[in-house]
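Everything on this sheet refers to the single structure shown next.
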Amino acid sequence: MKIATFNINGVKARLPALLDWLAEAAPDAVVLQEIKSTDEAFPRTEIEDAGYSVATHGQKGFNGVAILSRLPPEDVTRGLPGDDSDEQARWIEATVGGNLRLCGLYLPNGNPAPGPKYDYKLAWMDRLRARVADLLAAEEAAAILGDFNVIPEAVDCHDPAVWAADALFLPETRAAFRRITNLGLTDALRSVNAEPGVYTFWDYQAGAWRQNHGIRIDHVLLTPQAADRLLACGVDAEIRDRERPSDHVPVWAEITA
DNA sequence: ATGCCTTGCGGAGCAAGA
């Protein structure tokens, strides 16, 4: 079973690019972030025609996540537990293939830091930690994947000095990320590839893609029971070179059925 | 350089992203 995460940066603006990638990469299940669409406006029919069932958790204009699955996603839940007043659409869960829980997330950016947006990011990460603790306690196969807006290590960006004061790379951000992974999650990409300079995002500005000034912020984290089944993991960086691309590229993992 | 692009919203020019 091939799973993937893709920050699509506007699903309506990016529909041809998404359909092309789905046809080529042929993932069995995908979590999308930044669909920037309500549930009603999501291009459901076009994606169903490509062979996927669709579960969305959208909002108007910003954010928004979705799960696409060859087999109908089961037991879908929407919204990260822990704050009923949080109206931002950043979390969706479903069971796919009968035996893998997918948790798709769009973690807050947090800039500028310090400030209320950074406080929201850290509070959201604390809620994520609580959900991950529950998933681990269940001792079942789960993948927590999406746009984490966290650069875990210096090797995950072209120039650490550029990112030193940024909400994606501040020591407090990286410590909050470690408090989650240290509970017992495997970073799928790093478990198969220790090379530095593997990126998943390149800014539209200042020729970042052309100069390979990227960062690795889209991650696939696995519970031990899912990590046991990991066969391969990679980044489809080549599609960043296409017409009207997202500024993120997909990260995928092959998991035994 | 609070820029540099890009999308959504709305129907001009912001807000937000990272």
Side-chain angles (χ1 to χ4, degrees), chain A residues 5-19 21 31-44 46 56-66 86-91 104-122 124-125 128 145-174 176-177 197-219 235 237 239-251:
Chain A
T5 175
F6 191 4
N7 181 320
I8 197 68
N9 188 16
V11 70
K12 283 167 280 187
R14 215 71 67 198
L15 186 58
L18 176 60
L19 293 174
W21 172 75
V31 300
L32 299 177
Q33 303 87 37
E34 283 204 273
I35 61 174
K36 298 186 178 180
S37 169
T38 60
D39 297 335
E40 295 73 22
F42 190 90
R44 171 181 290 272
E46 293 87 338
T56 60
H57 182 38
Q59 73 180 82
K60 191 179 180 73
F62 305 102
N63 306 322
V65 289
D86 184 0
E87 295 185 351
Q88 299 192 32
R90 296 180 175 275
W91 179 268
L105 67 89
Y106 176 45
L107 204 149
N109 175 304
N111 281 304
K117 291 190 175 184
Y118 193 59
D119 295 340
Y120 175 67
K121 177 176 193 156
L122 293 179
W124 204 95
M125 293 180 84
L128 173 58
L145 71 173
D147 176 359
F148 281 73
N149 273 316
V150 174
I151 303 167
E153 305 289 344
V155 295
D156 296 314
C157 62
H158 167 259
D159 184 357
V162 168
W163 296 94
D166 194 282
L168 280 62
F169 192 58
L170 282 171
E172 193 171 3
T173 303
R174 297 166 60 199
F177 184 76
V198 178
Y199 306 134
T200 66
F201 169 92
W202 296 261
D203 200 296
Y204 288 122
Q205 305 179 76
W209 166 250
R210 182 170 40 80
Q211 300 174 81
N212 196 26
H213 292 176
I215 53 179
R216 188 174 76 98
I217 56 174
D218 300 271
H219 306 299
V235 179
I239 72 168
R240 184 64 176 79
D241 214 27
R242 295 184 178 172
E243 290 271 317
R244 292 188 73 201
S246 172
D247 40 8
H248 296 250
V249 295
V251 182

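Note: hydrogens, waters and symmetry copies are ignored here, and every other heavy atom, side chains too, is used. Lettering follows sequence order; numbering is per chain, from 1.
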Check: A/H213 ring centre within less than 6.0 Å of A/Y199 ring centre =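 Judged by ring-centre distance (under 6.0 Å), A/H213 and A/Y199 do not meet the cut-off.
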
Which of parallel (below 30°), tilted (30 to 60°) and perpendicular (above 60°) describes A/W21 and A/F6?
->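 If you compare the ring of A/W21 with that of A/F6, the planes turn out perpendicular.
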
Hey, does the side chain of A/R244 come within less than 4.0 Å of B/dT6's phosphate (OP1/OP2), counting only N and O?
->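 For A/R244, the contact criterion (side-chain N or O under 4.0 Å from OP1 or OP2 of B/dT6) is not met.
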
Nucleotide nearest A/I215 (side chain, heavy atoms from C-beta), chosen from B/dC4, B/dC9, B/dA18 =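 Nearest listed nucleotide: B/dA18.
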
Using atom [atom1] in both nucleotides, what's the gap between [N] and [M] to the nearest angstrom?
N      : M      : atom1 : answer
B/dA16 : B/dG10 : P     : 14 Å
B/dT7  : B/dA12 : C1'   : 16 Å
B/dA1  : B/dC14 : P     : 22 Å
B/dC4  : B/dA15 : P     : 14 Å

Using whole Å, report how far [atom1] of [X] lies from [atom2] of [N].
X      : N      : atom1 : atom2 : value
A/Q59  : B/dT7  : CD    : C1'   : 14 Å
A/I35  : B/dT6  : CD1   : C1'   : 18 Å
A/Y120 : B/dA18 : OH    : P     : 13 Å
A/F42  : B/dG8  : CZ    : P     : 13 Å
A/F201 : B/dT6  : CZ    : C1'   : 10 Å

Main-chain N/O of A/I217 paired with A/T200 side-chain donor or acceptor, under 3.5 Å |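 Judged by distance alone, yes, a pair lies under 3.5 Å.
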
Between A/N9 and A/A206, just flag the one whose closest nucleotide in DNA chain B comes earlier from the 5' side.
->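 Mapping each residue to its closest nucleotide by heavy atoms, the 5'-most match is A/A206.
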
Quick one: on DNA chain B, does A/I217 or A/R14 contact a more 5' nucleotide (nearest heavy atom)?
->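 Result: A/R14.
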
In chain order, what residues pass the ring pair (Phe, Tyr, Trp, His ring centres under 6.0 Å) check against A/F201, with sequence neighbours excluded?
->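 Ring pair (Phe, Tyr, Trp, His ring centres under 6.0 Å) check on A/F201 returns A/H248.
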
Counterpart residues, ring pair (Phe, Tyr, Trp, His ring centres under 6.0 Å), relative to A/Y106 (two or more places apart) |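 Applying ring pair (Phe, Tyr, Trp, His ring centres under 6.0 Å) to A/Y106 gives none.
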
Identify all pairs in which a protein N or O lies below 3.5 Å from an N or O of nucleotides 14-17 of chain B, and state each distance.
| residue | atom | partner | partner atom | Å |
| --- | --- | --- | --- | --- |
| B/dG17 | OP2 | A/K117 | NZ | 3.4 |

Touch check for A/A13, heavy atoms < 4.0 angstrom, all strands: base, sugar-phosphate only, or nothing?
->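 Sugar-phosphate, no base atom in range.
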
Are any of the side-chain nitrogens in A/R174 or A/E153 under 4.0 Å away from the carboxylate oxygens of its partner?
->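 Yes, this pair counts.
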
Nearest atoms (heavy-atom pairs only) where A/N109 meets A/K121 =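 Nearest heavy atoms, A/N109 then A/K121: O-NZ, 2.9 Å.
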
